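Everything numeric here is computed off the predicted structure, so don't read it as measured data. Here is the naming used below: chain letters follow the sequence lines, and residue numbers restart at 1 for every chain. Keep in mind that the numbers below use all heavy atoms, side chains included, and drop hydrogens, waters and symmetry copies.
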2 protein chains.
Amino acid sequence: MRFQRGSEIYAEGKAADQLYKVVSGTVRTCRLLPDGRRLVAQFALAGELFGLDGVSHHRFFAEAVTDVVLIAFPRGEINDWVDRDSTVAQSWQAYTLEKLAAAQDRFILLGRRTASERVAAFLLDLVKRGQGPDDIVELPMSRYDIADYLGLTAETISRTLTALRKNRIIADQGCHKLRILDRDALEEQADEDIL
Amino acid sequence: MRFQRGSEIYAEGKAADQLYKVVSGTVRTCRLLPDGRRLVAQFALAGELFGLDGVSHHRFFAEAVTDVVLIAFPRGEINDWVDRDSTVAQSWQAYTLEKLAAAQDRFILLGRRTASERVAAFLLDLVKRGQGPDDIVELPMSRYDIADYLGLTAETISRTLTALRKNRIIADQGCHKLRILDRDALEEQADEDIL
DNA sequence: CGACGCGTTGATAGTTTTCAAGGACTGTGG
DNA sequence: CCACAGTCCTTGAAAACTATCAACGCGTCG
């Protein structure tokens, strides 16, 4: 399946009968609050799964951040597979538990960390998950997307990145790509904001 | 199993080989950051499960908020059970997915809501999960616990509750119990902060 | 090339935190 | 049963952080 940049992959409230794997590109899953505030629940990069946001119905909507190529797996098929093979069942269960653990980590990020800690942790997470070299971070999403993922505003993201640039911790390579110059400093900032 | 108020039920990093059900009392699961900031991941009330905070090892520690009585289920036994009976497997899977959905909801609470929205939503959640009448909220935990659960400070919790009291939305019945006077107003405040 | 959205920067305002102090509640020991 | 100590709760004032509002430059895509 292919989707163009910005197009909707599934809507909030639709039956959650498929699971998706990203072949190339980036996907975001979000929810809107009545007054327009938005939260991005997940960025799915190449090789990652998404669509597991609700028991029977999607509780978030999914959009293509860039042009994307996807593979869709019917949930029913997965369930059959799980029923037949206990090895599959175990790894499926492990996957869900891992997701749950990641979600719990994010509580701490959103609940108890400052803006610069969140941005630093986000960059390190993207490098780890990305496929390129260890010092290049691809940022396919907009500053608004990052802001809504981290519970901040786009202006704060921009200011924080500028501060990192001024401290020679990162270097710009265009808006959507940057290089990590001082990984130790970045990790320190992710753990605890010294400044 | 019995634990006294304030005692540790399991430590962070210990093997997660048991799952617990609360018979009576309240339990909190938390994590500490290096600089002392704390986040409460979950409050487990009477009848609820806890201990599912990590694939193989606990990523949070659990403490008794009040004196508690627990039942412990070995994880291995649960896995055997799941392997043998596909009905159990399905409900187990559904339970995990529900947990995941609840976690995703909390992102929004922590990332995009104001202090009074968080407190209002917290009170409504406790009423729904509690066993007493619909207008009485039991608050077995301290203001610090609530603060660390909602990503705020104890002072902010106290101020928000005072504001609710002044607006005649809630009435005090001692520090650890309160009555909801105007449920509609509370729900409105949980959805969107009008003030 | 032009238009529009996105990104950056500045000034200001608002919310929450921090720091501080007094009061209330709880549990313990006399 | 009462006194006391410690912890928790509440309230106030000041500070810090982030959001909001606004303007401008850039880039990206038709």
Side-chain angles (χ1 to χ4, degrees), chain A residues 4-7 28 33 35-39 63-67 109-120 139-166 170 172-178 189 192-195, chain B residues 4-7 26 28 33 35-40 63-67 109-120 139-166 170 172-178 189 192-195:
Chain A
Q4 277 199 333
R5 200 165 91 91
S7 59
R28 63 174 176 253
L33 272 74
D35 59 355
R37 284 176 291 181
R38 184 182 70 154
L39 193 110
E63 292 175 328
V65 173
T66 61
D67 293 346
L109 189 85
L110 290 173
R112 279 282 175 253
R113 308 208 96 128
T114 65
S116 40
E117 288 175 321
R118 296 184 203 193
V119 171
L139 293 170
M141 66 294 286
S142 76
R143 301 292 189 260
Y144 290 92
D145 286 335
I146 301 174
D148 289 338
Y149 182 75
L150 297 178
L152 299 166
T153 61
E155 292 92 332
T156 301
I157 303 295
S158 185
R159 279 187 242 274
T160 307
L161 288 176
T162 302
L164 287 173
R165 213 178 301 131
K166 280 186 180 155
I170 61 170
D172 243 22
Q173 308 213 329
C175 280
H176 294 294
K177 193 194 268 194
L178 50 84
Q189 187 161 329
E192 184 172 1
D193 205 358
I194 304 291
L195 261 174
Chain B
Q4 277 199 333
R5 199 164 90 91
S7 60
T26 303
R28 64 173 174 252
L33 271 74
D35 60 355
R37 284 177 292 181
R38 184 181 71 154
L39 194 109
V40 174
E63 292 174 328
V65 173
T66 61
D67 291 347
L109 189 86
L110 291 173
R112 279 283 175 253
R113 307 207 96 127
T114 66
S116 40
E117 289 175 321
R118 296 184 203 192
V119 172
L139 293 171
M141 67 293 287
S142 76
R143 301 292 189 261
Y144 291 91
D145 286 337
I146 301 175
D148 289 338
Y149 181 75
L150 296 176
L152 299 166
T153 60
E155 292 91 334
T156 301
I157 304 295
S158 184
R159 281 186 242 276
T160 307
L161 288 175
T162 303
L164 287 173
R165 212 178 302 130
K166 279 185 181 157
I170 61 170
D172 243 22
Q173 307 214 328
C175 279
H176 294 294
K177 193 194 269 196
L178 49 83
Q189 187 162 326
E192 183 173 3
D193 204 359
I194 304 290
L195 261 172

Round to the nearest Å and state the distance from B/L110 atom CG to C/dT16 atom P.
-> 14 Å
Rounded interatomic separation in angstrom, taking CD from A/Q4 and P from D/dG30 = 8 Å
Please report, rounded to the nearest Å, how far the P atom of D/dC26 is from the CD atom of A/Q173.
-> 20 Å
Residue-level proximity of residues 158-165 of chain B to DNA chain C when a heavy atom falls under 4.0 Å = B/R159
Output all residues satisfying side-chain hydrogen bond (donor to acceptor under 3.5 Å, both in side chains) with A/D172, sequence neighbours left out; order by chain, then residue number.
-> A/R165
Atom-pair distance (CG on A/L152; P on C/dT15), nearest Å | 18 Å
Between CG of B/L178 and P of D/dC9 the distance, given in whole Å, is 13 Å
Taking the side chain as every heavy atom from C-beta outward, state whether A/L139 and A/K177 have any pair of such atoms under 4.5 Å apart.
-> no
The reported gap from CG in B/L161 to CG in B/L178 (rounded to nearest 0.5 angstrom) is 6.5 Å
A/I157 CD1 to D/dT20 P: how many Å, rounded?
-> 13 Å
With sugar-phosphate taken as primed atoms, P, OP1 and OP2 and all else as base, the protein-contact string of nucleotides 20-25 of chain C at under 4.0 Å (heavy atoms; B, S, -) is ------
Return the residues of residues 141-148 of chain A meeting this criterion: a heavy atom under 4.0 Å from some atom of DNA chain D. Order them by number, or give none.
-> none
Whole-Å distance between C/dT26 P and B/D67 CG?
-> 14 Å
Apply salt bridge (charged side-chain N to carboxylate O under 4.0 Å, His left out) to B/R5 and list each qualifying residue two or more places apart in sequence or on a separate chain.
-> none
So how far off straight is the helix from C/dC1-D/dG30 to C/dG30-D/dC1, going by the axes through five pairs at either end, to 10°?
-> 50°
Minimal non-hydrogen separation, A/A64 against A/Q4, with atom names = CB-O, 3.4 Å
Is there a side-chain polar atom (N or O) of B/T156 under 4.0 Å from OP1 or OP2 of C/dT16?
-> no
Salt bridge (charged side-chain N to carboxylate O under 4.0 Å, His left out) against B/R118, all qualifying residues, sequence neighbours excluded = none
Is the side chain of B/T66 donor-acceptor paired with the backbone N or O of B/T26 at a distance under 3.5 Å, no angle test?
-> yes
Integer-rounded Å distance: C/dT17 P and A/R112 CZ | 7 Å
Rounded to the nearest 0.5 Å, what's the gap from CD on A/E117 to OG1 on A/T160? Could you check?
-> 11.0 Å
Got A/V119 and A/Q189 here, is their nearest side-chain heavy-atom distance under 4.5 Å?
-> no
Find which nucleotide of DNA chain C each of A/K166 and B/G151 is nearest to by heavy atoms, and output the residue with the more 5' nucleotide.
-> A/K166
Say whether, by atom type as modelled, one donor and one acceptor occur between the side chain of A/D35 and the main chain of A/R37 under 3.5 angstrom.
-> yes
Show me the side-chain donor-acceptor pairs of residues 148-158 of chain A shorter than 3.5 Å, one per line, residues at least two apart or across chains.
from	atom 1	to	atom 2	distance (Å)
A/D148	OD1	B/R112	NH2	2.7
A/D148	OD2	A/R38	NE	2.6
A/D148	OD2	A/R38	NH2	3.0
A/T153	OG1	A/T156	N	3.4
A/T153	OG1	A/T156	OG1	3.0

